[in-house]
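Working notes for the structure below.
Read the numbers this way: they start at 1 and go in the same order the structure lists the ligands and their atoms.
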Amino acid sequence: MSSITLHDKSFRPFIPYERLEAAIDAVAEKINSDYEGCEDVPVLMCTLNGAIMFCAELMKRLRFKCQLSCIKLSSYQGTQSTGTVLTTLGPTCDVKGRRVIICEDIVDTGNTIIALQEMLQHQGAAQVRICTMLLKPEVYDKDVPLDYVAMEVPNAFIVGFGLDYNELGRNLKDIYVLE
Ligand code: 5GP
């Protein structure tokens with residue numbers, strides 16, 4: 001793996017795909033042990049666009065009946081969080097009375113995920129759990145515990161495996177960090 005350039009910035013290799021896969025295996029096992037044998041059909045709520053690769057990898061590993069739904073939120077512009085969370089699409093199914101597992105790419109301040117959790121609770125979801133591929137524990141400042149975290153990362157701007165820098169880099173199989 002070598003460094004890459006997206007727009008005006010350089011990124012160096014940070015987390016290889018093999019490590020992501022192992023972390024997703026582990027988090028999927030935790031979810032399976034909580035939901036396997038359930039009689040309802042939980043909703044896996046994929047936060048577009050960033051969580052698309054993670055959600056696909058996670059779903060393949062789940063051994064209970066689940067429904068996929070998508071939602072699009074936005075709080076980031078370039079490499080900075082704006083602090084305001086906007087819903088630009090979805091959710092693509094009715095969550096009333098359903099157990100929902102939010103499938104997020106990365107939790108930074110937590111503004112996005114907590115706003116989404118509150119929104120789904122408002123819409124009548126029976127339970128809303130949070131699953132994130134990556135967490136920046138140094139930045140996360142909310143009291144709400146995150147149910148499932150695949151991997152922790154330091155406070156740096158990263159791209160790849162669904163994560164973008166101004167819409168570039170989502171297709172990278174490995175994760176890169178800003179140089
Ligand atoms: P939060 O609301 O937790 O501050 O930010 C969450 C959202 O910001 C994520 O869903 C993701 O879209 C974006 N984000 C946060 N940190 C990063 C990062 O390091 N790289 C990229 N590409 N996006 C990030």
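Side-chain atoms of C131 and F54, non-hydrogen and from C-beta on, do get closer than 4.5 Å to each other. Within the 4.5 Å cutoff, the side chain of M45 has heavy atoms near those of the L120 side chain. Between R129 and D34, the closest side-chain pair of non-hydrogen atoms falls below 4.5 Å.
Using a 4.0 Å cut-off to heavy atoms of E104, the atoms of ligand 1 that qualify are 10 (O). Short contacts between ligand 1 and D164, defined as distances under 4.0 Å to a heavy atom of the residue, involve ligand atoms 21 (C), 22 (N). When each atom of ligand 1 is checked for a heavy atom of I158 under 4.0 Å away, the hits are 18 (C), 19 (O), 20 (N), 21 (C), 22 (N). Against a heavy-atom cut-off of under 4.0 Å, K136 is close to the following atoms of ligand 1: 16 (N), 17 (C), 18 (C), 19 (O). Ligand 1 places these atoms under 4.0 Å from at least one heavy atom of G110: 1 (P), 3 (O), 4 (O). Close contacts between ligand 1 and N111 involve ligand atoms 2 (O), 3 (O) [criterion: under 4.0 Å to a heavy atom].
Between V107 and ligand 1, a contact under 3.5 Å exists for no N or O pair. Residue-to-ligand polar distances keep Y165 apart from ligand 1: every N/O pair is separated by 3.5 Å or more. For a threshold of 3.5 Å applied to N or O pairs, the pair formed by F157 and ligand 1 contains no separation below that value.
The backbone of A156, and not its side chain, has at least one atom closer than 4.0 Å to an atom of ligand 1 (non-hydrogen atoms only; backbone = N, CA, C, O). At a 4.0 Å heavy-atom cut-off, ligand 1 does not touch V139 at all.
Here E18 does not pair with K173 in a salt bridge; the nearest charged N to carboxylate O distance is not below 4.0 Å.
Under the 3.5 Å distance criterion, with hydrogens and angles disregarded, no donor-acceptor pair is assigned to the side chains of R12 and Y176.
Remark: E57 engages Y17, R61 in a side chain to side chain donor-acceptor pair (under 3.5 Å) (not counting sequence neighbours).
Ring geometry for F11 versus Y165: interplanar angle of 30 to 60°, hence tilted.
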Less than 3.5 Å apart, which donor and acceptor atoms pair up between the side chains of residues 152-160 and the rest of the protein, not counting sequence neighbours?
none

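By the 4.0 Å heavy-atom criterion, I113 is excluded from the residues contacting ligand 1.
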